[in-house]
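Have a look at the structure below, then the notes.
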Amino acid sequence: MTPAKSPSAQAPPPTGSAGSRSRFPWWAPVAAGSAVILLVVIVTILGVLGAFGGLWPGRSSPTTRLSVVDDRIAFEIKVPSGTMITRFYSGARRECAIAEVDFSEHGLRAYAAARTCDIPARGRTGNGHHGLYRTIADVAAPKTVQRVETWLGPADVFSQDYYECTNACRNYTEPVAIVMLQQPVNPDFPTLVLISTKGELARPDFTRLVRDLAEPTR
């Protein structure tokens, strides 16, 4: 009896030949499509977050530095791009020599009061009066006072209550900073006060903005 022949091993058909089956997984196009969709979703989310990030200085939003230089105050502040100085006043308020700057965003205001100012009696801040300060001792009821370092000198950052009443009353919490200037441009104006009126800027973002205060580029 003739023994049966062992089956001979057959070489796999050449890759790409007409008789071969593709080794490309059937699920690969689906996975690739899902990856593209996921990437689009991530980019969209990042775009939305970036748009909202423009509300807060220092967070993934374009910023610019504005310099304020006068014979009474001189400082540089980092603010969101597009922010402008809307008002600058250097004169007297309530018989007190003062230099004051308003910015177009976040209700930001900065001022310096003369050393010789007769600071009014400490009272409630409201109805357009946000306080007139030279040191933390001038503040009636500062809340959560925090000492931070800036390029201009140490600053006391705190919150204060503010109200506005017409037909009805609304209450706000405003972040304020009093910077003790190490090298004031004018020794008669030894401090710089920064405030976000009506608390338009949250305290953490305001504090970050204060930390970034610097000497102006001259």
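Side chains included, hydrogens not; waters and symmetry mates left out as well; all remaining heavy atoms used. The structure presented is a predicted model; accordingly, all values stated were derived computationally and were not measured.
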| field | Shared hydrophobic cluster for W151 and V68 (ILVMFWY, side-chain gaps under 4.5 Å) | value | no
| query | Within a strict 4.5 Å, meaning less than it, do heavy atoms of the Y89 and Y111 side chains meet? | reply | no
| field | Identified side-chain contact (heavy atoms from CB on, under 4.5 Å) partner of V157 from the options V148, T144, T150 | value | V148
Return all side-chain donor-acceptor pairs below 3.5 angstrom for residues 180-192, not counting sequence neighbours, or 'none' if the list is empty.
| residue | atom | partner | partner atom | Å |
| --- | --- | --- | --- | --- |
| N186 | OD1 | D188 | N | 2.9 |
| N186 | ND2 | D71 | O | 3.1 |
| T191 | OG1 | R134 | O | 2.9 |

| said: Let's go through T64 and V79 carefully: what are the C-alpha distance in whole Å and the side-chain angles of both, what is the deciding distance for side chain to side chain contact (heavy atoms under 4.5 Å, CB included) to 0.1 Å, and is it a yes or a no? | reply: CA-CA 6 Å; T64 188; V79 289; 4.0 Å; yes
| note | For D70 and S90, the nearest pair of non-hydrogen atoms, with its separation, is OD2-OG, 3.6 Å
| message | Let me confirm one number: the CZ-CZ distance from F206 to R211, rounded to the nearest 0.5 Å. | response | 12.0 Å
| message | Donor-acceptor check, side chain of T125 to backbone of G131, threshold 3.5 angstrom: yes or no? | response | no
| said: So L108 and D102, do their side chains get closer than 4.5 Å, heavy atoms only? | reply: no
| Quick check: does any side chain N or O of R72 sit under 3.5 Å from a backbone N or O of I98, one acting as donor and the other as acceptor? | yes
| Minimum heavy-atom separation for H106 to P80, with atom names? | NE2-CG, 3.7 Å
| said: Using only atom types and a distance under 3.5 Å, with no angle test, would you say the side chain of T207 pairs donor to acceptor with the backbone of R203? | reply: yes
| Sub-4.5 Å side-chain heavy-atom contact between L152 and E215 | yes
| task | Could you tell me whether the side chain of S104 and the main chain of M84 form a donor-acceptor pair under 3.5 Å? | result | yes
| field | side chain to side chain contact (heavy atoms under 4.5 Å, CB included) between E100 and R87, worked out | value | CA-CA 8 Å; E100 194 170 51; R87 185 180 70 91; 2.7 Å; yes
| said: Applying a strict under-4.5 Å side-chain criterion to I, L, V, M, F, W and Y, I'd like to know whether Y172 and L209 cluster together. | reply: no
| note | For C96 and A113 the tightest heavy-atom approach is SG-CB, 4.2 Å
| Side-chain heavy-atom pair F103, I77 within 4.5 angstrom cut-off | yes
| said: With a 4.5 Å cut-off on side-chain heavy atoms, are K143 and D161 touching? | reply: yes
| query | Would you call R170 and E164 a salt bridge, using N to O less than 4.0 angstrom? | reply | no
| task | Using side-chain hydrogen bond (donor to acceptor under 3.5 Å, both in side chains) as the criterion, point out the one residue from Q160, K198, E174 that pairs with H130. | result | E174
| field | Point-to-point distance, once rounded to the nearest 0.5 Å, from CD1 of I195 to OH of Y162 | value | 8.5 Å
| query | What distance separates I178 CD1 from D156 CG, expressed to the nearest 0.5 Å? | reply | 6.5 Å
| request: Please round to the nearest 0.5 Å and tell me the distance separating atom OG of S67 and atom CD1 of I85. | output: 8.5 Å
| task | Determine whether L194 and V210 make a side-chain contact, defined as any pair of heavy atoms from C-beta on separated by less than 4.5 Å. | result | yes
